[in-house]
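These notes are about the structure you will find just below.
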Amino acid sequence: MAAPATGEPDELELIAYRLRRWVASPRPYLALVGIGLLLGFWYLTVDLLQLPRFAQMPGLPAVLHEFLSRNPDYGTSLFTADYYQDVWASLRRIAIGFALATVLGVPVGLMLGWSQRFREYVFPVFELLRPIPILAWVPLAIIMFAGSETPVVYLTFLGSFFVTALNTLLGVRSIDRRYLLAAACLGARPWSVFRHVIIPGALPFIFTGLEISIGIAWFSLVAAEMVSGQYGLGYLINTSYTQVEYPTIVIGMVTLGVVGYGTSVLVRAAGAALRRGHTRGG
Amino acid sequence: MSDSLQIRLVGWRVRLPRPRIDRARRRALVSFALLLLIWELGSTSASWLGTPLPVLGRIPSPTAVGTVWLHLLGQADYWGSWYQSCLRVLLGFTAALLVGVPFGLWLATNRLAHGICFPVFEMLRPIPPLAWVPAAIIFWPTQELSIASVIFLGAFYTIVTNVLGGARAIDARLIQSAQSLGASRWTVFRRIVFPAVLPSIFVGMEVGIGITWEVVVAAEMISGGGSGGASGGLGFFIWNSYVGGSYPQIIVGMLSIGIAGYLSSSAIRWAAPRVMRWR
Amino acid sequence: MEMNKKKQKNFVNKDPEITNLASGMEVQGVAKYYGDGPLRRTVIEDCSFTLERGKVTVMIGPSGGGKSTLVRLLAGFEKPSAGHILIDDREVQRAGPDRLVVFQETALYPWMSTEENVLFGPKAQGVAAGTARARVDELLRRVGLAGFRDKYPAQLSGGMKRRAELARALANDPAVMILDEPFRGLDAMTRSLMVEYYAELIEETRTTHLFVTTDVDEAIVLADRILVMSHRPMRLISDIPVDLPRPRHLLDVIANNKASDIKRRVIELIHLEVMRSFGGRTSGMKSTG
Amino acid sequence: MGQSRGALSFVDVTKTYRPGDEHVRAVEHCSFDVPPGEIFMIAGPSGCGKTTLLNAVAGFQGIDAGTIRLDGQILCGPDRQALPGPDRVVVFQEGALFPWKTILENVAFGPIVQNRLSRRDALEKARALMADAGLGGHEHDYPATVSSGVQRRAEIVRALMNDPTVLLLDEPYRALDRITKSLMHESLLEIHARSGVTILFITHDLEEAVFLGHRVAVMTARPGRHKQTIVIDLPHPRDYSIVTTPRFRELLQEVSDAVREEAVRAFAQGDAEGGLAVVR
């Protein structure tokens with residue numbers, strides 16, 4: 001594997017090299033130990049020792065059995081249709097809410113950062129509404145919007161919108177003044193300054209904002225679904241609690257973790273791809 | 001160089017930082033007034049427009065909310081809800097701080113602990129805190145403990161992540177220069193690592209307290225509302241107002257929590273420079 | 001500003017003889033590379049020289065050449081990939097016990113006052129509080145920061161920060177003092193004042209110094225010997241003795257012919273090296289010397 | 001020598017800053033002339049208003065009294081602030097290449113946003129100019145991935161793309177180490193020899209002032225006034241070996257003495273950045 005003498009080692013080789021180093025390092029084995037301890041503790045306390053405090057809790061084997069069986073006792077497992085219906089319902093709401101929050105949040109954030117007049121009028125109201133916890137909006141959302149779908153999407157949108165707009169604003173304010181002066185010197189008119197300096201300059205902050213925003217979206221979604229949803233993972237967890245189908249609670253939580261992590265990886269990958277297009281080394 | 005640097009781009013003025021304070025305040029007042037006006041007209045439109053507006057029409061008007069709030073200010077159980085929620089936030093948040101900071105520092109300084117615990121920590125992090133509510137209710141004996149445990153979880157993740165981030169960002173030269181001056185591992189930790197991480201601890205606290213308020217409201221709504229226990233708190237107050245049909249109280253509850261959340265984060269912002277005198 | 005010529009005699013170390021605490025250092029065939037496989041980068045290649053006991057050795061070379069890496073090896077923060085580094089014929093262990101003090105820019109602890117910063121070393125080594133405080137007071141007075149004792153680093157100017165760092169390094173009675181471009185980032189005026197000021201300080205402490213810089217004038221004012229280093233991978237190109245009378249001043253370097261000869265030789269060597277470091281992409285630039 | 005345009009004349013320029021309530025007089029009755037086509041150095045202690053003058057010419061700030069003329073026309077006065085424009089391009093101390101654009105896109109930025117050239121022509125001219133300045137091969141690198149020496153030269157080329165009347169340099173090489181600095185000096189002299197653009201250069205570094213300048217104007221301590229202009233009669237083209245010639249050492253001595261006097265006064269006023277308390 002002759003790496004080109006002076007040039008950068010090519011992409012593939014770099015990955016192979018890093019993989020080899022990762023496998024050689026203790027990290028993967030320590031991670032396995034950690035996970036083993038967690039599952040071991042769970043199995044030990046619930047099933048083996050059957051400690052009083054853990055009596056009600058669903059055991060590891062019970063959850064696994066439920067999750068992997070063809071016809072689960074409580075109707076939800078990898079092979080049942082409505083499991084995927086719940087997953088899809090949550091994902092669809094996240095997609096709509098997150099997309100709306102991005103499409104509205106970024107421009108609002110850019111305007112807040114760029115135009116003095118817009119900021120002085122809009123930002124005070126923005127700061128008044130932001131501290132109100134998303135969940136406090138639930139009753140109002142139910143009243144305001146008919147049906148059960150819109151309130152949940154609205155709540156998912158709300159959390160993400162504030163975070164996206166705020167981070168975009170911070171992004172614009174983070175741009176060093178000398179870049180604005182330099183652009184002015186080179187004869188750029190306001191619109192060119194906005195397009196060539198403000199937007200690219202704020203990009204890194206916008207991406208950090210999106211990564212936080214997807215997390216907040218899931219946070220709001222689960223809460224909304226637990227209180228007022230029809231389908232969705234939050235709804236699944238809450239109903240399986242009320243109907244004393246405890247293993248399904250854990251299934252819902254694990255699914256939330258996996259799907260939630262998946263969406264954050266997607267957002268991070270999109271950010272990295274766009275950023276790589278913009279600043280190779282930056 | 002003067003602060004209010006002014007550039008006159010061709011035909012368009014950009015006045016950069018530090019606008020005159022009075023104008024900014026004037027504009028804020030104008031926008032608040034406008035918001036209240038639209039809200040008032042929107043929600044009372046049913047009376048003079050004939051048909052209520054689709055969204056705005058359904059919510060109670062500011063005047064209604066105002067009168068209800070004034071009335072509530074005299075009520076004991078309104079302030080009781082404040083007390084309950086604040087107590088829960090304080091307990092859950094302090095516990096998260098007392099456990100989270102040492103745990104974060106331990107992970108930052110001990111490679112083995114980081115190797116084992118961090119993957120598990122990262123694995124559980126995507127699960128939103130509220131998904132733990134049912135499990136917490138099952139596990140913990142009392143209503144109070146289950147809510148407190150979920151609040152703890154919400155703040156714990158933020159604090160640990162920030163402490164780890166802060167520890168990783170320490171300039172290696174600070175530690176190297178301490179070693180070259182003969183400092184022991186403990187001295188390096190106590191007098192270099194900890195103060196260097198302090199600013200990120202405060203950032204974690206400020207974000208954490210915000211999340212704690214989000215979680216306390218939800219936990220009170222879900223558990224309080226669910227089994228009808230007299231757990232109280234602002235979250236339950238809102239849910240109860242909704243169930244009881246007194247809609248203006250919902251908005252009173254929302255604004256109250258907003259104020260409570262704002263007060264707690266500004267308390268932290270106020271405390272930070274006092275603790276970190278060198279900033 | 002006419003530097004106060006009157007020598008202050010009551011400094012702790014009475015006689016100008018080399019303090020018995022100073023030690024020599026030996027660098028034998030040291031090499032250092034990072035990463036392996038496709039990512040391998042050689043930073044230092046077969047570097048050998050000695051730091052004479054009680055003398056000031058100045059190392060000069062193009063930036064990014066590997067000088068800072070060598071400083072970290074000398075201080076024991078990292079191990080060399082090949083070769084040995086000895087202090088008084090013993091392999092270098094860790095910075096602390098070998099009393100190797102590294103002067104690193106912006107390494108003041110922002111959360112400690114100036115006095116606490118300077119006290120940090122002696123306290124960490126368990127020096128009795130009384131003597132430590134006395135020594136620190138003396139040092140603060142000597143670097144002209146007595147009035148700024150409880151100010152935080154953020155409240156000091158660039159020049160004052162450097163002098164506080166200097167005081168902190170000296171507070172430990174170092175066997176070898178390694179300074180990695182300590183006056184970088186200061187404006188030219190403050191820099192020239194600091195260089196002259198440091199030249200006088202060396203006169204009085206007479207400990208072993210390694211001074212890393214890219215400024216020829218600084219080198220000539222301070223050095224007993226100048227080591228000219230190559231571009232990456234770094235190796236020693238030439239070892240030029242500087243036997244000008246002390247104390248020296250920057251203006252001497254400008255006026256004195258002997259100093260100018262040395263300066264011209266060093267500039268020529270470095271220019272050759274830098275041309276190579278630009279990899280000939282400087283077709284547009286006239287190559288000099 | 002060089003082009004005929006780019007003559008600057010400062011007449012009785014005065015500027016006061018009002019941070020908070022107290023007011024600080026940065027420049028007072030400052031008058032001097034900058035002949036066209038020359039490298040004109042401005043040296044002086046910190047706080048003597050050097051940057052204020054440069055910002056006034058660039059149009060980032062106004063002045064309270066006096067006038068600044070460019071080739072005879074009034075550039076700015078007490079009631080009229082200049083507009084920033086491509087005829088007076090500033091190169092900043094910490095550098096202002098747009099990190100999100102490649103070096104080539106940076107250099108071609110001016111003509112493109114002014115719609116003076118089509119994107120294709122601008123990129124082509126930029127490529128040629130970069131090759132001349134020895135930046136060939138860096139076209140598609142991003143600023144963060146190249147050395148500070150390359151970044152500095154790229155920023156000057158970006159300015160020259162607009163054929164400016166005056167090039168305004170605010171301590172452009174302060175952050176560089178001495179060796180890269182000497183390389184930058186030679187590259188700047190070469191660029192000036194080719195373009196003949198008038199250069200207004202602010203510096204703390206006296207050796208840099210004497211090596212680069214046709215003239216060196218020394219400013220007094222705050223409030224800044226023009227103290228004297230020392231003509232540097234060294235031959236052109238100059239290279240680094242000139243630094244050890246007797247004539248160079250004489251001129252450096254002359255400039256150092258003039259500036260040192262002001263540095264002491266600046267220090268007494270608590271302006272000096274170094275703030276070196278008189279030791280012992």
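Below, chains carry the letters A, B, ... as their sequence lines are ordered, and counting in each starts from 1.
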Using heavy-atom distances under 4.5 Å, tell me whether D/Glu261 contacts chain C through its side chain, its backbone, both, or neither.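 Neither part.
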Measure distances from D/Glu207 to the heavy atoms of chain C and classify the residue's part below 4.5 Å as side chain, backbone, both or neither.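 D/Glu207 touches chain C through side-chain heavy atoms alone.
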Check for a donor-acceptor pair, side chain of C/Thr214 on one end and backbone N or O of D/Arg178 on the other, with a separation under 3.5 Å.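 Yes.
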Just wondering, more than 12 heavy atoms not from C/Arg149 lying within 6.0 Å of its CZ?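 More than 12 heavy atoms, drawn from other residues, nucleotides or ligands, come within 6.0 Å of this atom.
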Neighbour count >12 (heavy atoms, 6.0 Å) for atom CZ, C/Arg246: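 It does: C/Arg246 CZ has more than 12 such atoms within range.
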Return the [atom1] to [atom2] distance between [X] and [Y], rounded to the nearest 0.5 Å.
X        : Y        : atom1 : atom2 : value
D/Ser182 : C/Ile270 : OG    : CD1   : 8.5 Å
C/Lys263 : D/Thr244 : NZ    : OG1   : 7.5 Å
C/Asp215 : D/Ile179 : CG    : CD1   : 9.0 Å

Checking C/Asp217 against chain D: side chain, backbone, both or neither under 4.5 Å from a heavy atom?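 For C/Asp217, the side chain is the part near chain D, not the backbone.
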Report yes or no: do C/Asn256 and D/Arg249 form a side-chain donor-acceptor pair below 3.5 Å?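 On atom types as modelled, these side chains do not qualify, holding no pair under 3.5 Å.
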Minimum side-chain heavy-atom gap C/Glu268-D/Ser241 below 4.5 Å: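 Not touching, per the 4.5 Å side-chain cut-off.
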